[in-house]
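Notes follow the structure.
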Amino acid sequence: MNELPRLAIVVPCYKEEAVLHETHRRLSQLTERMIKEQRIAPDSYILYVNDGSTDQTWPIIQDLYYHSAYACGLNLAGNVGHQNALMAGLELAKEHCDIAISIDADLQDDIEVIPEMVERYREGCDIVYGVRKERKTDTFFKRSTAQAFYRLMGLMGVKTIYNHADYRLMSRRALEHLSRFHERNLFLRGLVPLIGYQTACVYYNRSKRLAGESKYPLKKMLNFAIDGITSFSVKPVRMIFWLGCIFILVALCVTAWTLHAYFLHNTVPGWSSLMISLWLVGGIILIALGIVGEYIGKIYIEVKGRPRYNTAETLLR
Ligand code: UDP
Ligand code: MG
């Protein structure tokens, strides 16, 4: 490859006024360095996607665009969530770059491996995953829930890269293929491995959030996990089916046992066992309905085929 690739670093931002200046300082320094080292084209840029923040995020992005090098902006008309905001950024960048790297605004992911990602691309990879070596700086809670999440995804048969979040490089043709996935329930971590092509991983240590708070509290994390599984796997519904079979077997055994006891004339008044089984079976039926409902909900959303996001303003160079 002779020509230098034009790089777009795509950064989704939701209420990130506390970190944006520092983030841009670091990212633009890195961009400048890579341009000097002739790793990327001089017209490479950083695209900040404002995901309908209600704070100073967009004014700051505008200010960066007008007063400093490399900054570009995409203002979405409302909050559509991290995955959709990222998709919006990638779809815009796709038209104006050779490679795009997505990274969170809080720079918890080490930007020093970006040159390595670009290197892998120049060696012929279309997708380069950023993978966390360890999670020392995350709280015990975040670490264990995240790990449980990756395990569960694996059990459910969803192909994901272990300890990889949304920090990755994608070539233009990978991006083009990605935009052919039209689903509304976006779970990029599950979609990207479906693209194919040659891939590679680069490893780094994850650090603390620069400033501001995590936008992924427990409730959002749980929702994200449920979405991830139900958008990619129908195993839970099948598991319910097998669970139902096991229950029928248990019921048959109990019937046989009761008949046996009846003929031996030593039946016991079984109030508690009745109550227990009533609540147990009731609970399981409700869970089963809930899981099936989750899928029907997904179908409902997909069938409507609403647009994923709405663009209010773009600031490009
Ligand atoms: N984010 C977003 N829209 C949202 C929530 C989050 O664009 O509705 C962005 C946020 O600005 C950040 C990234 O998604 O750049 C990841 O969020 P965060 O760092 O808070 O998540 P965590 O690292 O704690 O999982
Ligand atoms: Mg973060």
Side-chain angles (χ1 to χ4, degrees), residues 80-84 86-87 90 102 127 129-132 135 138 141-168 170 174 177-197 199 201 216-254 276-306 308:
V80 290
H82 178 210
Q83 299 290 296
N84 286 310
L86 185 53
M87 194 67 181
L90 291 175
S102 49
I127 299 169
Y129 299 103
V131 177
R132 294 165 197 163
R135 288 172 159 259
D138 276 350
F141 176 73
K142 179 102 194 180
R143 202 164 57 216
S144 41
T145 48
Q147 238 133 39
F149 171 65
Y150 289 112
R151 292 251 162 76
L152 191 64
M153 293 292 284
L155 278 178
M156 293 293 157
V158 187
K159 252 209 272 171
T160 50
I161 309 285
Y162 188 70
N163 262 346
H164 157 72
D166 284 305
Y167 182 28
R168 69 177 84 81
M170 278 196 268
H177 189 71
L178 183 69
S179 65
R180 281 192 213 121
F181 289 89
H182 291 295
E183 55 213 85
R184 308 298 111 176
N185 297 296
L186 258 192
F187 186 69
L188 290 170
R189 264 170 250 189
L191 283 183
V192 175
L194 300 179
I195 296 176
Y197 295 133
T199 63
C201 293
Y216 269 101
L218 179 63
K219 197 175 151 220
K220 261 200 191 175
M221 257 171 15
L222 275 178
N223 281 336
F224 189 57
I226 293 175
D227 274 349
I229 291 166
T230 51
S231 310
F232 277 86
S233 164
V234 287
K235 268 200 184 169
V237 176
R238 195 155 308 151
M239 273 161 43
I240 290 174
F241 173 77
W242 289 117
L243 199 68
C245 294
I246 293 172
F247 271 56
I248 289 170
L249 264 182
V250 171
L252 283 176
C253 291
V254 172
I276 291 170
S277 44
L278 199 72
W279 284 92
L280 189 73
V281 172
I284 287 166
I285 291 174
L286 282 183
I287 291 176
L289 272 179
I291 296 182
V292 174
E294 181 71 29
Y295 283 95
I296 295 180
K298 288 254 142 67
I299 297 169
Y300 174 66
I301 303 276
E302 296 296 341
V303 147
K304 280 189 291 197
R306 288 182 177 165
R308 281 194 278 236

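None of these values were measured; they are calculated from a predicted model. The chain is numbered in sequence order, starting from 1.
- The backbone N or O of Gly130 sits less than 3.5 Å from a side-chain atom of His164, completing a donor-acceptor pair.
- Considering all non-hydrogen atoms of both residues, Ser102 and Leu86 come closest at CB-CD1, 3.4 Å.
- Note that OG1 of Thr145 is 12.0 Å distant from CG of Leu152, once rounded to the nearest 0.5 Å.
- Taken to the nearest 0.5 Å, the OG1 atom of Thr199 stands 12.5 Å off from the CE atom of Met170.
- Residue Cys201 comes nearest to Ile161 through the heavy atom pair SG-CG2, 4.3 Å, listed as atom of the first residue, atom of the second, then distance.
- Here CH2 of Trp279 is found 14.0 Å from CD1 of Ile284. Values are rounded to the nearest 0.5 Å.
- Shown here are the side-chain contact (heavy atoms from CB on, under 4.5 Å) partners of Ile246, two or more places apart in sequence or in another chain: Val250.
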>> Could you walk me through whether Arg308 and Val80 satisfy the side chain to side chain contact (heavy atoms under 4.5 Å, CB included) test, starting with their C-alpha distance in whole Å, then the side-chain angles of each, then the deciding distance to 0.1 Å, before giving a yes or no?
In response: CA-CA 8 Å; Arg308 281 194 278 236; Val80 290; over 6 Å; no

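- Taking the ring-ring contact (aromatic ring centres under 6.0 Å, His included) definition, one finds that Phe247 meets it with nothing, sequence neighbours left out.
- Judged by distance alone, the side chain of Tyr167 and the main-chain N or O of Arg132 form no donor-acceptor pair under 3.5 Å.
- Residues passing the ring-ring contact (aromatic ring centres under 6.0 Å, His included) test with Phe232 are Phe187, sequence neighbours excluded.
- For Asn84, there are no side chain to side chain donor-acceptor pair (under 3.5 Å) partners at least two apart in sequence or on another chain.
- The two residues Gly190 and Pro193 come nearest to each other via the heavy atoms O-CD, 3.5 Å.
- Ile287 is linked by a side-chain contact (heavy atoms from CB on, under 4.5 Å) to Ile291, counting only residues two or more places apart in sequence or in another chain.
- In this structure, the side-chain contact (heavy atoms from CB on, under 4.5 Å) partners of Met239, at least two apart in sequence or on a different chain, are Met156.
- The side-chain contact (heavy atoms from CB on, under 4.5 Å) check on Tyr300 picks up Lys304, with sequence neighbours excluded.
- With rounding to the nearest 0.5 angstrom, the CD1 atom of Ile226 is 6.0 Å from the CG atom of Leu222.
- For the atom pair CG (Leu178) and CG (Leu90), the distance works out to 6.5 Å, reported to the nearest 0.5 Å.
- Nearest heavy atom pair, residue Val234 against residue Tyr295, reads CA-OH, 3.7 Å.
- Listed by first and then second residue, the side-chain hydrogen bond (donor to acceptor under 3.5 Å, both in side chains) pairs that reach into residues 227-246 are Asp227-Lys298, Thr230-Lys298, sequence neighbours excluded.
- Every residue two or more places apart in sequence or in another chain was checked for a side chain to side chain donor-acceptor pair (under 3.5 Å) with Asn223, and none qualifies.
- Of all the heavy atoms in Val192 and Tyr129, the pair that sits closest is CG1-OH, 3.7 Å.
- Taking CG of Leu191 as the reference point, atom CZ of Phe181 lies at 5.5 Å (rounded to 0.5 Å).
- Pairs of residues two or more places apart, or lying in two chains, that qualify as side-chain hydrogen bond (donor to acceptor under 3.5 Å, both in side chains) and include a residue from residues 152-162 are Gln147-Tyr162.
- With a 4.5 Å cut-off on side-chain heavy atoms, Phe149 and Met221 do not count as touching.
- Sorted by first and then second residue, the pairs that involve residues 183-192 and meet salt bridge (charged side-chain N to carboxylate O under 4.0 Å, His left out), not counting sequence neighbours, are Asp166-Arg189.
- Between Met87 and Leu188, the shortest heavy-atom contact is SD-CD2, 3.9 Å.
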